[in-house]
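So the structure is just underneath, and the comments pick up after that.
Naming convention: chains lettered A, B, ... in sequence-line order (proteins, then strands); numbering from 1 in each chain. None of these values were measured; they are calculated from a predicted model.
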There are 2 protein chains.
Amino acid sequence: MIEQDKIEPLMTQMGRDARRAARRLSGVTTADKNRALSAIADALLAAEPELLAANARDVAEARERGLDAAMIDRLILTPKGVAQMAEGVRQIVALPDPVGEITNMVYRPSGIQVGQMRVPLGVIGIIYESRPNVTIDAAALCLKSGNATILRGGSEVAATNQALATCIRRGLETGGLPADAVQIVPTTDRAAVSVMLGLHQYIDVIIPRGGKGLVSLVTEQARMPVIKHLDGVCHVYVDAEADLTKAVAVAVNAKTHRYGVCNAMETLLVHASVAEAFLTAAAPAYQAAGVELRGCARTQQILGGQVVAATEADWFAEFLAPILAVRVVDDLDAAIEHIETHGSHHTDSIVTENLGTARRFLREVDSASVMVNASTRFADGFEYGLGAEIGISTDKIHARGPVGLLGLTSQKFIVLGDGHIRA
Amino acid sequence: MIEQDKIEPLMTQMGRDARRAARRLSGVTTADKNRALSAIADALLAAEPELLAANARDVAEARERGLDAAMIDRLILTPKGVAQMAEGVRQIVALPDPVGEITNMVYRPSGIQVGQMRVPLGVIGIIYESRPNVTIDAAALCLKSGNATILRGGSEVAATNQALATCIRRGLETGGLPADAVQIVPTTDRAAVSVMLGLHQYIDVIIPRGGKGLVSLVTEQARMPVIKHLDGVCHVYVDAEADLTKAVAVAVNAKTHRYGVCNAMETLLVHASVAEAFLTAAAPAYQAAGVELRGCARTQQILGGQVVAATEADWFAEFLAPILAVRVVDDLDAAIEHIETHGSHHTDSIVTENLGTARRFLREVDSASVMVNASTRFADGFEYGLGAEIGISTDKIHARGPVGLLGLTSQKFIVLGDGHIRA
């Protein structure tokens with residue numbers, strides 16, 4: 001336990017150290033970063049016994065505190081989990097380094113050359129809950145993109161996180177990088193989060209990862225920009241000109257592939273002209289999977305007793321469960337109107353064979369991922385080829401959708417002259 | 001005057017109307033937008049008498065309220081000013097439309113195609129002070145980039161802004177675009193700003209343009225992301241291997257070309273080995289221009305009575321005046337250390353003939369614009385070829401430096417499949 005009056009100086013010192021580390025990172029090479037990342041992977045494997053022992057302490061405490069089984073399940077670190085963490089870090093070593101890339105370098109009429117150089121954001125603060133693998137994923141992605149990181153994990157895995165911190169520090173030192181490039185807040189006191197959210201002079205961006213309560217708290221209090229993920233109220237719209245075989249495959253996969261994930265479909269929209277044919281074809285699959293259907297009046301008319309009446313709240317709901325809202329709409333405009341009014345701008349998909357309809361949907365649906373004839377479940381950093389993701393952004397600026405290495409960088413202007421002055 | 005209890009419903013309605021307009025804008029073509037912009041330019045020229053009359057009322061009221069001459073000068077709209085505004089809009093018509101561009105479209109192992117499409121941010125709120133030309137510049141840039149805008153100008157030019165609003169509305173209607181695509185807040189009551197900053201469900205980004213007081217207020221209160229410009233504490237560093245002729249040209253231009261601008265140099269750093277030669281060569285030009293020099297002890301030693309002693313505060317100062325802080329440093333590291341400690345991450349330039357030194361400066365100086373052998377005065381949207389700028393961002397995420405059309409957009413992911421589902 002750290003005393004209350006020590007928390008603010010501690011966090012401020014961490015901020016200052018992170019800033020200094022970020023400056024040192026601005027000069028390091030890709031090889032330097034990869035060497036440190038490989039050393040972190042090695043350190044994780046070497047420290048397997050310590051990691052499992054620390055994790056066992058967390059799990060025992062969680063059981064004592066009466067956490068439910070599902071929650072405890074997410075805390076548990078196995079030998080396989082340690083190996084996967086190390087493998088994840090090695091995959092990040094293999095990714096191309098985005099930092100330093102110069103693009104769009106052109107001569108201007110004045111004679112200067114102007115272009116843009118990709119650079120790290122600086123210091124990234126990450127506030128997250130439970131799962132210990134986030135600690136390693138986040139640290140590795142931030143390091144590869146040249147950023148210093150301050151990580152603040154959940155209290156449920158405090159001992160595991162401190163053991164992971166030791167591995168990271170060992171890797172950084174072996175690799176010759178500043179040990180403060182990745183820091184883990186050594187207290188789970190909530191006061192530390194409040195202090196952290198005020199350190200805008202040291203922390204350039206905050207990324208919350210966790211439930212809505214955490215994300216709201218961070219958005220409300222942070223004095224620096226936030227890259228966040230709110231809801232995933234995703235839609236599939238089955239158009240009048242859909243191939244119904246593809247439509248059933250996509251609509252069933254989008255709902256039933258996994259329930260508790262942000263890119264699962266929560267509302268299914270169906271064009272009136274194909275509603276009967278499509279819904280009667282899809283309903284058995286939902287029934288077989290045990291999915292509860294909540295439909296509009298027209299859906300109820302078609303499927304009868306298999307459907308309960310949807311309430312207004314159902315159109316806005318992120319069920320994260322085997323529940324699906326279903327609505328019959330009159331046309332593309334009504335589908336887009338529904339999505340824009342009730343959706344969360346995360347991921348929405350249309351099933352259609354009509355090119356013009358697909359073009360309009362792609363253009364006009366204002367979501368981080370917009371799809372044609374594909375399951376919403378593809379909205380994922382690995383599926384998109386980003387290599388890994390630090391999260392999925394539902395913000396409008398900076399980065400939308402899965403945030404990988406590029407989303408942890410920005411571009412500065414660079415100008416080359418030969419003594420050029422402004423006339 | 002609008003009654004206090006009417007302000008919140010009024011602003012909320014404006015937000016709702018802007019959101020609806022933004023959705024309509026997502027479907028319009030480049031030709032649609034250009035037609036409306038041309039019609040706005042025409043409407044400005046046609047309304048010259050009304051614009052000048054409205055401006056005369058603002059100027060008379062400003063005089064009555066005892067505003068100082070320099071301030072009043074910035075409010076005045078002349079026939080030439082009206083022509084320039086119209087010409088500015090026509091230049092924006094000529095710029096390429098960034099919206100809809102699809103990049104990086106690749107096939108993934110799963111068979112889906114993934115790429116990114118450039119899209120408007122949505123609804124942009126702009127809060128600004130005095131100069132009436134901002135109203136037209138901002139409206140035209142936001143419209144061209146497909147965004148709906150809510151503009152809130154300063155009370156000093158309230159009548160002028162309302163007359164400009166009439167021209168914009170006329171142009172939008174002539175061009176067949178929603179009239180609510182650009183809205184100007186019809187009250188200068190400060191309560192309207194507070195309400196606006198809370199409308200995160202309708203306004204996607206806020207851009208403050210004005211003094212530090214305004215920017216702080218907006219940053220403090222805004223519930224949505226802010227693209228902002230803080231200080232311009234810009235540096236020129238004259239390296240040991242500088243060509244001193246170029247160094248004098250750049251260092252004199254960066255300070256004396258214009259004083260009251262954010263990209264003017266405020267602190268000059270000089271490598272010790274060339275300090276005497278460089279400073280004695282540059283000092284006469286500063287003296288001729290009436291620039292007050294505030295130097296470190298070594299600078300004083302070299303230039304004697306021409307230099308007053310710099311205080312610690314001078315190294316952080318944005319003078320915006322014929323005052324220059326001068327410091328002799330021991331090497332490149334000390335120069336970068338000074339810039340990172342005292343600068344504002346706006347624009348910094350090195351003068352050197354050494355490639356390795358230039359490479360390090362470009363990489364390690366964490367500013368929105370980093371230059372080699374060029375005057376900091378080049379940090380400008382027109383000079384960079386952006387066509388026009390809505391401001392210069394000193395933020396780290398989204399857009400750094402001059403923000404043009406691209407900075408008013410972001411990229412969403414698009415996915416094309418043929419009934420693809422996740423295995």
How long is the straight-line distance from [atom2] of [Y] back to [atom1] of [X], given to the nearest 0.5 Å?
X: B/D204; Y: A/H345; atom1: CG; atom2: NE2; answer: 7.5 Å
X: B/I421; Y: A/K246; atom1: CD1; atom2: NZ; answer: 13.0 Å
X: B/L121; Y: A/D366; atom1: CG; atom2: CG; answer: 9.5 Å
X: B/T341; Y: A/R19; atom1: OG1; atom2: CZ; answer: 11.0 Å
X: B/R400; Y: A/Q116; atom1: CZ; atom2: CD; answer: 11.0 Å
X: A/F361; Y: B/I414; atom1: CZ; atom2: CD1; answer: 12.5 Å

Quick one, [X] and [Y] - any side-chain contact, counting heavy atoms below 4.5 Å?
X: B/H200; Y: A/T219; value: no
X: B/I112; Y: A/M371; value: no
X: B/L416; Y: A/L362; value: yes

Of the backbone (N, CA, C, O) and the side chain (C-beta and beyond), which part of [X] lies under 4.5 Å from a heavy atom of chain B, both, or neither?
X: A/T376; answer: neither
X: A/V114; answer: side chain
X: A/Q113; answer: neither
X: A/A423; answer: backbone
X: A/V28; answer: backbone
X: A/V250; answer: both
X: A/D395; answer: neither

> Do you know which of B/E340, B/E383, B/R360 has the most heavy-atom pairs with chain A at a distance under 4.5 angstrom?
Replying inline: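 Most heavy-atom pairs under 4.5 Å with chain A: B/E383.
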Given a strict heavy-atom distance threshold of 4.5 Å, which part of [X] is in contact with chain A: side chain, backbone, both, or neither?
X: B/D243; value: neither
X: B/N263; value: side chain
X: B/S367; value: backbone
X: B/V226; value: neither

>> Let's test your reading of the structure: which of A/A249, A/P402, A/S375, A/A368 forms the most heavy-atom pairs below 4.5 Å with chain B?
In response: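 Answer, by heavy-atom pair count under 4.5 Å with chain B: A/A368.
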> Pick from A/T409, A/N253, A/I227: which one has the most heavy-atom pairs with chain B under 4.5 Å?
Replying inline: A/N253
>> Treating A/R377 as the side-chain partner and B/R422 as the backbone partner, does any N or O pair qualify as donor plus acceptor under 3.5 Å?
In response: no
> Do the side chain of A/S410 and the main chain of B/I397 share a donor and acceptor less than 3.5 angstrom apart?
Replying inline: no
Between [X] and [Y], what is the shortest heavy-atom contact and its length?
X: A/R363; Y: B/V99; value: NH2-CG1, 3.7 Å
X: B/R223; Y: A/E220; value: NH2-OE1, 3.4 Å
X: B/E364; Y: A/K412; value: N-NZ, 4.5 Å
X: A/A374; Y: B/V415; value: CB-CG1, 4.0 Å

> Around atom CZ of B/R16, are there more than 12 heavy atoms of other residues, nucleotides or ligands at under 6.0 Å?
Replying inline: yes
>> For a side-chain contact (heavy atoms from CB on, under 4.5 Å) check, start with the C-alpha distance between B/V370 and A/M117, then their side-chain angles and the critical distance, and finish with the verdict.
In response: CA-CA 10 Å; B/V370 188; A/M117 180 188 277; over 6 Å; no
> By number, which residues in residues 100-110 of chain B have some heavy atom less than 4.5 Å away from chain A?
Replying inline: B/R108, B/S110
>> Test salt bridge (Lys or Arg N to Asp or Glu O under 4.0 Å) on B/E337 and A/R23; report intermediate values, then the result.
In response: CA-CA 9 Å; B/E337 178 72 21; A/R23 265 158 63 188; 2.4 Å; yes
> Between B/F378 and A/H420, how do the two ring planes meet: parallel, tilted or perpendicular, split at 30° and 60°?
Replying inline: perpendicular
